[in-house]
Every structure is written in C-alpha cells, then in structure tokens.
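Here is the structure we will look at, set down as structure tokens.
Read the numbers this way: they start at 1 and go in the same order the structure lists the ligands and their atoms.
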Amino acid sequence: MRLLTGIQPSGDLHIGNYFGSIKQMVDAQNDSETFAFIANYHAMTSVNDGQRLAELTMQSATDFLALGIDEQKSTFWVQSDVKEVLELYWILSSFAPMGLLERAHSYKDKTARGFATNHSLFSYPVLMAADILLFSPDIVPVGKDQIQHVEIARDIAIKFNNHYGDILKIPEFKVEENVATVPGTDGQKMSKSYGNTVNIFGEEKHQLKTIKKIVTENVAMEEPKQYEECNVYNMAKLFLNEIELIDLQDRYTRGGEGHGHFKLYLADVMWEYFRDFREKRAYYNKNQNEVREILKMGADKAREQALPMVEIIRSVTGIKY
Ligand code: ADP
Ligand code: TRP
C-alpha cells in the first residue's frame with residue numbers, strides 16, 4: 001500500500017497537527033510505503049517573503065524529522081527539489097476544465113471574501129494533482145478540507161487516461177474519522193487561524209502560560225468536577241495511558257483540586273511526552289547540513305520513482321519527439 005501526503009510549511013506546529021496528522025503518518029511508516037513532501041510551491045500562494053519561505057521550509061523539515069519521519073522508512077523531500085512535478089502540472093492543465101477549478105473551495109472562498117486572487121491560487125489543485133499522480137499512490141490521507149482537491153486529481157487523471165490510455169493511477173483519499181478534533185485553549189477546534197494553539201516546541205515558560213489560559217468551568221476547589229467536557233482533560237488524555245487516564249478521572253470526580261492543578265499536570269505530561277522529540281529537534285537545528293543531506297537523498301529517491309512515469313507521459317503526449 002502506498003501513501004502520499006504533502007504538508008505546507010506553515011510555521012509552528014501545534015498538538016492538533018501532531019495528533020490529527022503527523023502521528024498518523026509516522027505510525028504508517030511501519031506498515032506502508034510512505035511518501036511525504038514539504039509543499040513549498042503551494043506555500044507561495046500565502047508566503048511572499050523569500051527569506052521567510054526558505055526558513056519555513058527548513059524548519060518544517062527539521063520539525064518533521066524530529067517528530068519521527070524516518071528518512072530510511074519514508075521518502076521525504078521538498079516539492080521544489082523534484083521539478084518534474086512542474087512539467088506534469090502543465091501537461092495536466094490541459095485536462096483540468098475551467099468549471100472544475102472554479103468550483104474549488106480554496107479559490108471560491110477567497111474570491112467570495114474579496115481577496116485579490118491570482119492564477120496560482122486558481123491552479124493550486126492542478127499542481128496538487130501533479131504531486132499525487134506523479135507517484136501513483138493508492139491512498140492520500142487528508143484533512144476534510146482537502147477532499148475536494150483529491151477529487152479534482154481523480155477527475156483530471158480520468159480525463160487524461162481517456163485520451164492516452166490507462167497510465168495514471170486513480171488515487172483514493174482517506175480521512176481519519178476516528179481521530180478526534182483536538183480542542184484549543186478556548187474550546188474551539190485548535191487551529192493557527194483561531195490563535196488558540198498549544199505549540200509542540202514552545203519554550204517551557206511560554207507553554208505553561210498558554211496552558212494556564214485554557215478555558216475551564218468555574219467550580220469551587222473542594223467540589224467534584226466533570227472531566228468529559230473539560231478542555232484541560234481533553235488535551236491531557238492525548239498524552240496518557242489507560243491507568244494514568246483513570247487516575248486523572250478520579251482526581252476530577254473526587255474534588256479537592258482545582259483546574260489550576262490539572263493545568264500544571266497537563267503542562268508536565270506534555271513537556272515529558274515531547275522530551276525526546278525536543279532533543280532530536282535541537283540536534284537537527286544544530287546540524288542543518290545533515291537535514292539538507294537527508295532532503296537531498298529524499299529528492300533523489302523521489303525522482304527515481306517519478307522519472308519512469310514522466311518518460312511515459314512525455315512519450316504518449318508527444319512532448320518527447
Ligand atoms: P491549522 O488549522 O492550524 O492551520 P492545518 O490546516 O495546517 O492546521 O492542518 C494540518 C493538519 O493537522 C491537517 O491534517 C489537519 O487535519 C490536522 N489538524 C489541524 N488542527 C487539528 C485539530 N485541532 N485536531 C485534529 N487535527 C488537526
Ligand atoms: N494542499 C495540501 C494542504 O494544504 C498540501 C498538499 C499539496 C498536498 N500537495 C499535496 C496534500 C498532495 C496531499 C497530496 O494541506
């Protein structure tokens with residue numbers, strides 16, 4: 001089974017990103033063939049500062065390696081290091097009807113909100129189709145917001161195949177339904193855009209400050225407390241084993257402790273949980289050349305996969321003459 005996913009290099013990762021997406025990918029490395037890349041061309045639709053994009057790309061690569069992407073088990077690269085994707089992007093453009101792209105939410109929403117849009121935002125799904133179809137994955141794991149993009153990739157592949165034969169593999173998307181939405185400090189879905197995140201790699205003091213801001217119900221210290229709906233509990237449970245979880249539930253129902261105690265506990269277990277990841281990150285941050293080497297090796301591995309497909313496509317389309 002081959003899995004492929006792209007991740008935009010968009011800054012500080014939070015625990016919603018980790019439990020909702022990164023951990024699934026890391027776990028999948030053990031029983032699937034995994035392809036993961038940093039979608040830096042896609043990020044150009046929102047980051048126009050060159051130095052910042054370059055930094056974000058390196059920091060994302062560093063963070064993903066620290067969090068367990070294993071370059072031996074996975075093929076891990078930066079999108080722009082396999083330029084063949086841009087060639088396929090152009091070729092596929094001829095099989096991407098205007099109407100299909102006009103219906104894409106990513107473009108429609110921004111236009112509706114009055115943003116000045118440009119061609120890269122409009123053709124974003126075609127580049128994403130090229131990312132996918134170049135590597136013939138069986139499955140593309142995505143968040144709900146990306147389902148439509150995978151459907152567009154499928155439509156484009158079917159159109160292409162109708163013209164040139166059964167060449168592109170039609171991908172399936174997979175949404176991890178049983179991964180609960182991680183709540184943010186205000187109880188809404190944790191998201192960068194809501195400013196309610198608890199980041200994975202924050203400073204210890206800053207992290208504690210953020211955790212102290214988590215919204216909780218107002219109950220006197222000695223009273224028993226509900227844990228099911230408590231934001232602190234719902235974050236803490238991500239880090240606990242069964243015995244620790246039951247113990248925490250007891251502490252809630254017993255009374256005698258305030259939410260402040262549970263917040264301190266959350267800060268502690270979270271700090272402990274990410275300790276090894278933090279150390280690995282510090283190592284890679286100090287050894288950025290090693291990260292560059294890993295990315296280069298990943299790009300070579302990815303290109304090896306992509307080239308035979310590009311050759312066939314050049315040949316059937318007549319680009320190879
Ligand atoms: P953000 O909402 O912070 O901008 P992204 O949209 O970049 O996050 O999400 C990247 C990945 O992390 C996606 O696969 C998404 O499903 C997952 N993710 C983001 N926030 C959460 C959350 N609160 N709970 C579970 N998964 C999440
Ligand atoms: N558009 C995806 C996102 O914003 C990132 C992405 C780019 C991607 N190319 C991809 C995801 C290919 C899966 C497959 O999250």
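In this structure, Arg278 fails the cation-pi test against Phe201, since its NZ or CZ atom is not both closer than 6.0 Å to the six-membered ring centre and inside 45 degrees of the ring normal. Annotation: cation-pi pair Arg251/Tyr227 absent, no NZ/CZ under 6.0 Å from the ring centroid and within 45° of its normal.
Near Lys189, meaning under 4.0 Å from any of its heavy atoms, are these atoms of ligand 1: 2 (O), 19 (C), 20 (N), 21 (C), 23 (N).
Ligand 1 has an N or O atom lying under 3.5 Å from an N or O atom of Met190, backbone or side chain. Considering both main-chain and side-chain atoms, Lys192 comes within under 3.5 Å of ligand 1 through a nitrogen or oxygen pair. Looking at ligand 1, you won't find any N or O of Asp145 less than 3.5 Å from one of its N or O atoms. Distances between N or O atoms of Ser10 and those of ligand 1 include no value under 3.5 Å. When only interatomic distances are considered, the shortest N/O to N/O separation between Ser193 and ligand 1 does not fall below 3.5 Å.
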Do any nitrogen or oxygen atoms of ligand 2 lie under 3.5 Å from a protein nitrogen or oxygen, and which ones?
unit_1, atom_1, unit_2, atom_2, d
ligand 2, 1 (N), Tyr124, OH, 2.6
ligand 2, 1 (N), Gln146, OE1, 2.9
ligand 2, 4 (O), Gln8, NE2, 3.2
ligand 2, 4 (O), Tyr124, OH, 3.1
ligand 2, 4 (O), Gln146, NE2, 3.4
ligand 2, 9 (N), Asp131, OD2, 2.7

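Under the 3.5 Å distance criterion, with hydrogens and angles disregarded, no donor-acceptor pair is assigned to the side chains of Gln226 and Tyr233. Counting only N and O atoms by type, the side chains of Arg254 and Gln249 include no donor and acceptor under 3.5 Å apart. Counting only N and O atoms by type, the side chains of Asp186 and Gln188 include a donor and acceptor under 3.5 Å apart.
The option with the heavy atom closest to atom 19 (C) of ligand 1, from among Thr181, Val142, Asn17, is Asn17. Nearest residue to atom 27 (C) of ligand 1 from Ser191, Gly184, Gly16 is Gly16 (criterion: closest heavy atom).
Protein heavy atoms all stay at least 4.0 Å away from atom 15 (C) of ligand 1. Less than 4.0 angstrom separates atom 9 (O) of ligand 1 from at least one non-hydrogen atom of the protein.
Remark: aromatic rings of Tyr252 and Phe262 are close, center separation under 6.0 Å. A distance of 6.0 Å or more separates the ring centres of Phe239 and Tyr18. The ring of Phe135 has its center no closer than 6.0 angstrom to the ring center of Phe37.
Looking only at protein heavy atoms, the nearest one to atom 24 (N) of ligand 1 is Val182 N, 2.9 Å. Closest protein heavy atom to atom 13 (C) of ligand 1: Ser21 CB, 4.1 Å.
The nearest pair of heavy atoms linking Trp271 to Glu203 is CZ3-C, 4.3 Å.
Atom CD of Glu223 has more than 12 neighbouring heavy atoms from other residues, nucleotides or ligands inside a 6.0 Å radius.
With respect to Tyr124, the ring-ring contact (aromatic ring centres under 6.0 Å, His included) criterion is satisfied by exactly one of His42, His119, His105: His42.
Heavy atoms of His14 found under 4.0 angstrom from ligand 1 belong exclusively to the side chain.
Salt bridge status for Lys225 with Glu217: absent, with no side-chain N to carboxylate O gap under 4.0 Å.
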